[in-house]
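Here the structure comes first, spelled out in structure tokens, and everything after it is commentary.
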Amino acid sequence: MNTIIDINNVSYEYPGGRRVFENLTLELNKEETTFLTGKNGCGKTTLAKLIMGILKPTFGEIKLFGHSTREMSLGSIGERVGYVFQHPERQLFAASVMEELTFPLLFRGYDKDEVINKAEKMLDIFDLQKVKNSYPYFLSYGEKRCLAIASVLMLNPEYLILDEPTASLDIERIGVLSQVLEDLKNKNIGMLIISHNKDFIERHKDRIINLEGGYYD
Ligand SMILES: Nc1ncnc2c1ncn2[C@@H]1O[C@H](COP(=O)(O)OP(=O)(O)OP(=O)(O)O)[C@@H](O)[C@H]1O
Ligand SMILES: [Mg+2]
């Protein structure tokens, strides 16, 4: 298996003293869908932020594609690993749904027609056409989550981290998301998915890691 994320003896303590992990060692493989489960507050989101380099380990090291997150910029990690936040509204910033999808690629200089075509496909897939011109802030929570997922997928990540992606989605939208994830898996995109949704886990899992109080199996 091709290790893409190498978590080596990591301990993390929030400023103020809350120690979340003690000597956590874990390898995540490309081309594998790994679920991260565990009780509220056990550190799932913290681990996602550590992998994304948003937080740095207090002790130990995390390597992405062979490089320590201490030495990588947030931008260079974000170019390769897509991260959908647990609270999608925190990653939406544009003035319209269409701009949310297109801006990051247009900013990077991609061809405008291609970017718009790609965004239109995302709007179709995630049933967001009717809110295309809306201010993301006013979308329903489920629509916000779909928009956050779609905007991350616009960047063609090599690996994907999804924090509670089915939360607040209705059954139809969970079905759409499942289809999207299966298509990504067929393209050998690996994923780390934080979830409590048993059916969803059962459908997509290659591997489950239960993270509780710093312990895992
Ligand atoms: N910024 C912070 N400062 C201090 N403590 C924090 C901070 N963020 C999280 N924590 C604490 O760290 C622990 C792990 O939080 P985290 O959000 O990673 O849990 P989680 O497993 O994602 O929980 P949930 O299932 O509720 O999303 C919790 O006890 C939380 O209170
Ligand atoms: Mg969380």
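For ligands, and for the atoms within them, numbers begin at 1 and follow the listed sequence. On a predicted model such as this, the values are computed, not experimentally measured, just so you know.
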Provide the number and element of each atom of ligand 1 under 4.0 Å from a heavy atom of Gln86.
-> 27 (O)
So does Lys118 have more than 12 non-hydrogen atoms from other groups sitting under 6.0 Å from NZ?
-> yes
Any nitrogen or oxygen of Val20, main chain or side chain, under 3.5 Å from a nitrogen or oxygen of ligand 1?
-> no
Is atom 30 (C) of ligand 1 close to the protein, meaning a heavy atom under 4.0 Å from it?
-> no
Heavy-atom neighbours of Lys198 NZ exceed 12 at 6.0 Å = no
Any Lys/Arg nitrogen of Arg70 or Glu61 sitting under 4.0 Å from an Asp/Glu carboxylate oxygen of the other?
-> no
Is it true that the NZ or CZ of Arg80 lies under 6.0 Å from the centre of Phe65's six-membered ring and within 45 degrees of the ring axis?
-> yes
Which atoms of ligand 1 have any heavy atom of Thr46 under 4.0 Å away?
-> 14 (C), 15 (O), 16 (P), 18 (O)
Starting from atom 17 (O) of ligand 1, which protein heavy atom do you reach first, and at what distance in Å?
-> Thr45 CB, 3.7 Å
Basic-acidic side-chain contact under 4.0 Å: Arg18, Glu13 | no
Is the NZ or CZ atom of Lys144 positioned over Phe138's six-membered ring, under 6.0 angstrom from the centre and within 45° of the axis?
-> no
Determine, for Glu79 against Arg108, whether the closest basic-nitrogen to carboxylate-oxygen distance falls under 4.0 angstrom.
-> yes
Nearest neighbour in protein (non-hydrogen) for atom 25 (O) of ligand 1 | Lys44 NZ, 2.7 Å
Do me a favour and list the nearest non-hydrogen protein atom to atom 13 (C) of ligand 1 with residue, atom name and distance?
-> Gly41 O, 3.5 Å
Could you please compute the angle at the Mg ion (ligand 2) from OG1 of Thr45 to OE1 of Gln86, rounded to 10°?
-> 80°
Hey, does Cys42 come in under 3.5 Å of ligand 1, counting only N/O atoms on both sides?
-> yes
heavy-atom search around atom 26 (O) of ligand 1 in the protein gives Asn40 ND2, 3.2 Å
Give the ring-plane orientation class for Phe85 versus Tyr83, where under 30° counts as parallel, over 60° as perpendicular and anything between as tilted.
-> tilted
closest protein heavy atom to atom 11 (C) of ligand 1 is Tyr14 CE1, 3.9 Å
Within-shell test, Gly43 vs ligand 1, heavy atom, strictly < 4.0 Å = yes
